[in-house]
There are 2 protein chains.
Amino acid sequence: MLGALAPLVGYHLRRALSAFSADFTAAMEGTGLRQVPLAVLAIVQANPGINQGAAGRMLGIKRANMVALINDLVEKGLIDRVVDVSDRRAFSLTVTKAGIAALADAMARIEAHENRMLDELSMAERALLLDLLGRIERRSPAGDGDENGDA
Amino acid sequence: MLGALAPLVGYHLRRALSAFSADFTAAMEGTGLRQVPLAVLAIVQANPGINQGAAGRMLGIKRANMVALINDLVEKGLIDRVVDVSDRRAFSLTVTKAGIAALADAMARIEAHENRMLDELSMAERALLLDLLGRIERRSPAGDGDENGDA
DNA sequence: TATTGTTATACTCTATAACTATA
DNA sequence: TATAGTTATAGAGTATAACAATA
């Protein structure tokens, strides 16, 4: 059936993420938040005052692609963006009150979504999966997010 | 650091696949094959005579998006496409001799790539990861690939 | 009527290059 | 000279809708 693909972790990673993404999108319907913006929101909440570049680097998002992402979150009133007093090139990002509420709602939906996707796995297996994935992630080439997008 | 994202399997799945994809792309450089076309080639090899729609369904690719994919593989001389004698609407797909060679080369590269990405995991852990991912995949909504793209 | 393949099209995600303002 | 943010743009990948030929 699957032939040469059957034993490939990369292939199954792709298919598993595809299943996750479809259910995630359904779970978030009506919130106006998708995967990437939600991740940005969560990172800003966990790191108040962080700037766009640093947030992007943590998530593997290029500087150029952060702009529209942050604009959107600011327009939605979920993130505050003020010039950083210690480096006037940068913006200091924080989650607004509405952002905190949106994140709380999203996380409740996501918890249900994760339980749905993982309901065949025991708690020990879920922890093991997180551990295994974490050890793969750390093999990312340094300089994921950006680094030096210019010539 | 990661805040609310830290315990989410979906987030780590995404990051792990991102690391895999970057290394996969590097490993396949110069072959002219990327993730999706390679998967199609492998499926056709494992299922000689399969048609586009069925191959797409197995991989979660829509009918409409299979067209350019197959055109490309045929132009490259990796796949043969002939009208199916038992259903003249469909094409019967098979891998050419050049396709078999391309697939063999690709699989050697991919084996090295997988070993690189998984070198922190024991063989038992790799098998376990495949099992866990497989159990997640099977939660895909029925009707992934296509079904009824029309109105 | 349903299905195979097709075209046209649009939206998201991601990537590069060049620019500005600060440092 | 390097960095933060910006703009413009291009390429994948994926989604829908409508059509012709065949079943």
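Just so it is clear: chains get the letters A, B, ... in the order the sequence lines come, proteins before strands, and each one is counted from 1. In this text, all values refer to a predicted model and were calculated from it rather than measured experimentally. The analysis underlying the following values was restricted to heavy atoms, covering all of them including side chains, and did not include hydrogens, waters or symmetry mates.
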Student: Just how far, in rounded Å, is P of C:dT3 from CG of B:Asp87?
Tutor: 12 Å
Student: Measure CG/A:Leu17 against P/D:dG13 and give the value in whole Å, please.
Tutor: 15 Å
Student: Expressed as a whole number of angstroms, how long is the span from B:Asn65:CG to C:dG5:C1'?
Tutor: 13 Å
Student: For DNA chain C, determine which residues of residues 44-53 of chain B have any heavy atom closer than 4.0 angstrom to one of its atoms, and list them numerically.
Tutor: B:Asn51, B:Gln52, B:Gly53
Student: For B:Arg57 and C:dT4, is the shortest distance between a side-chain N/O and OP1 or OP2 below 4.0 Å?
Tutor: yes
Student: Less than 4.0 angstrom from a charged side-chain N to a carboxylate O is my criterion; do B:Glu125 and A:Arg135 meet it?
Tutor: yes
Student: Please determine if a side-chain N or O atom of A:Arg14 lies less than 4.0 Å away from the OP1 or OP2 oxygen of D:dT14.
Tutor: yes
Student: Go through the steps to decide whether B:Asp84 and B:Arg88 satisfy the test salt bridge (charged side-chain N to carboxylate O under 4.0 Å, His left out), and finish with yes or no.
Tutor: CA-CA 5 Å; B:Asp84 187 322; B:Arg88 299 208 316 281; over 6 Å; no
Student: Would you kindly give the CZ-to-P distance between B:Arg81 and C:dT4, to the nearest whole Å?
Tutor: 16 Å
Student: Are A:Arg63 and A:Gln52 linked by a side-chain donor-acceptor pair shorter than 3.5 Å?
Tutor: no
Student: In whole angstroms, how far is the P atom of C:dT4 from the CG atom of B:Leu93?
Tutor: 13 Å
Student: What nucleotide among D:dT14, D:dT16, D:dT3 has an atom nearest to a side-chain atom of B:Ala64?
Tutor: D:dT16
Student: Could you work out which one of D:dA23, D:dA12, D:dT3 sits closest to the side chain of B:Arg34?
Tutor: D:dA12
Student: Considering non-hydrogen atoms only, spot the tightest contact between B:Ala19 and A:Glu137 and give its length.
Tutor: CB-O, 4.5 Å
Student: Rounded to the nearest 0.5 Å, what separates atom CG in A:Leu121 from atom CD in A:Glu114?
Tutor: 10.5 Å
Student: Check the distance between D:dG5's P and A:Arg63's CZ and give it to me in whole angstrom.
Tutor: 9 Å
Student: Between atom CG of B:Leu2 and atom NE2 of B:His12, what is the distance when rounded to the nearest 0.5 Å?
Tutor: 6.0 Å
Student: Does anything in residues 66-76 of chain B come within less than 4.0 Å of DNA chain C? Heavy atoms only, and list the residues if so.
Tutor: B:Val67
Student: Please say which of A:Val74, A:Thr94, A:Val44 ends up in a side-chain contact (heavy atoms from CB on, under 4.5 Å) with A:Arg81.
Tutor: A:Val74
Student: Tell me whether B:Glu111 at atom CD has more than 12 heavy atoms from other residues, nucleotides or ligands lying less than 6.0 Å away.
Tutor: no
Student: Roughly how many Å is it from CZ in A:Arg88 to C1' in C:dT20, rounded to a whole number?
Tutor: 14 Å
Student: If you take all heavy atoms of A:Ala102 and A:Leu78, which pair is closest and at what distance?
Tutor: CB-CD2, 3.9 Å
Student: Take the protein atom CD of B:Gln35 and the nucleotide atom C1' of D:dG11, then report the distance between them rounded to whole Å.
Tutor: 15 Å
Student: Look at all strands and tell whether B:Asp84 reaches a base, only sugar-phosphate, or nothing, counting heavy atoms closer than 4.0 Å.
Tutor: nothing
Student: Taking only the side-chain heavy atoms of A:Ala90 (C-beta and beyond), determine which of C:dG5, D:dA21, D:dG5 contains the nearest atom.
Tutor: D:dG5
Student: Return the minimal non-hydrogen interatomic distance between A:Leu118 and A:Leu129, and the atom names on each side.
Tutor: CD2-CD2, 4.4 Å
Student: To the side chain of A:Lys62, which of C:dC13, D:dA23, C:dT16 is closest?
Tutor: C:dT16
Student: Would you mind telling me which residue lines up with the more 5' stretch of DNA chain C, A:Pro37 or A:Arg89, judged by nearest nucleotide?
Tutor: A:Pro37
